[in-house]
Amino acid sequence: MRAALLVEIKQPFLVEDIDYHAPSPGRVLIKTGAAPFCSTDCVNWRGELFKIPPTILGHAAMGEVLEVGEGVDHVKVGQRVIVPGTSECGVCFYCSIGRPDQCSETFDRNGIWPHVADRRNGEPVSAAGNVGGYAEVMNVTATQVFPVETDLPDQWLSLLGCGITTGLGSVFNIAQVAPGSSVAIVGCGHLGLWMVQAARLANARTIIALDPIAWRREMAGTLGATHTVDPSTEDPIAAVQALTGGRGADYVLEAATLASAQTQALLLSRRAGRVVLTSVERGDATVTFPQVALAVQSREIISAQNGKVRMRHDLPRFIRMMEDGLVTPEPIITREYKLDEINDALEASMDKRDLSGVIVPNR
């Protein structure tokens with residue numbers, strides 16, 4: 001089966017035939033239906049999140065079960081499944097306290113991911129994030145496989161492993177946006193646009209979308225933002241305060257990747273406001289906050305790994321939202337790519353020409 005391999009940091013992906021391992025106990029072999037090309041993989045491609053080549057990127061996907069290993073009984077051959085970037089083992093410390101977004105199967109690996117296949121020269125290949133969605137097949141742990149019953153297209157469902165869950169979860173699960181409130185969203189890429197849609201569903205009165213790219217701001221307005229701000233031409237803090245009675249936003253959701261944007265997010269919020277941070281610029285980045293705004297003015301700063309979702313609980317409701325037309329991925333999926341076009345997807349993501357480019361490996 002073919003896969004797009006990151007063989008060398010900052011070099012083009014190589015699409016080649018590899019030999020997948022049969023699923024060992026507790027693992028599942030899946031035919032990939034679709035996998036969104038996430039901007040995080042631009043960071044991975046540059047080697048800034050410590051992935052070790054040769055590896056298959058793509059930390060979220062959906063597909064159809066081909067084969068199950070011993071002990072796997074919650075999915076069956078032929079079933080459509082979501083494969084998110086976060087496991088839910090159900091038994092580690094974090095799962096036991098209701099925080100599967102921090103599952104040890106995902107975060108306690110120290111960058112070491114399982115070998116799922118071999119190159120034709122015998123070199124072992126890992127699946128980064130334990131998914132490896134940029135390939136015709138995925139060999140994944142069963143704790144990272146969730147069956148779905150829906151007729152929604154593969155391309156839409158693939159976004160449920162990362163963008164939709166993080167965006168909607170940040171609004172509903174983490175910020176817990178109240179009706180009639182004000183929300184500022186920093187960054188209008190795919191993640192920010194899911195936040196815009198969720199804030200609209202939460203009945204926020206004022207939804208302010210900030211992004212320096214005009215067409216992304218326009219898209220935010222189409223999807224529910226009541227106001228847009230170009231932070232490259234006007235003072236974003238003054239602009240948000242002018243729209244919120246001089247106070248700042250009740251909730252600020254950051255989806256802009258840059259560490260500096262997270263500092264800005266804090267300053268966009270009012271005293272006793274809530275700030276949700278979602279992005280990683282690179283693995284060794286640091287964020288600086290002004291001490292008075294942080295320590296004295298009672299702002300809550302909360303991080304958002306995968307929207308703090310519990311997949312078995314949140315997947316059905318997010319799918320219903322799409323089925324009912326309450327949220328839509330149509331304008332967010334800006335292009336579909338064959339597996340052989342993955343380097344085009346990389347370039348489009350780095351140049352911010354795509355919102356979500358989706359890889360369809362078996363087209």
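None of these values were measured; they are calculated from a predicted model.
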field: For L168 against A198, the heavy-atom pair lying closest together
entry: CD2-CB, 3.5 Å

With hydrophobic residues grouped by side-chain heavy-atom distances under 4.5 Å, do [X] and [Y] end up in a single group?
X: M138; Y: I82; value: no
X: W113; Y: V43; value: no
X: V131; Y: V72; value: yes
X: I185; Y: I332; value: yes
X: V327; Y: I319; value: yes

Do [X] and [Y] sit within salt-bridge range, that is, some charged N less than 4.0 Å from a carboxylate O?
X: D250; Y: R270; answer: yes
X: E64; Y: K31; answer: no
X: D351; Y: R353; answer: yes
X: E16; Y: R120; answer: no

task: Please confirm whether the backbone N or O of I9 pairs with a side-chain atom of W45, one donor and one acceptor, at under 3.5 Å?
output: no

- prompt: F318 vs F172 aromatic rings, parallel, tilted or perpendicular, using cut-offs 30° and 60°?
  reply: tilted

query: What do you reckon, is CG of N121 surrounded by more than 12 foreign heavy atoms closer than 6.0 Å?
result: yes

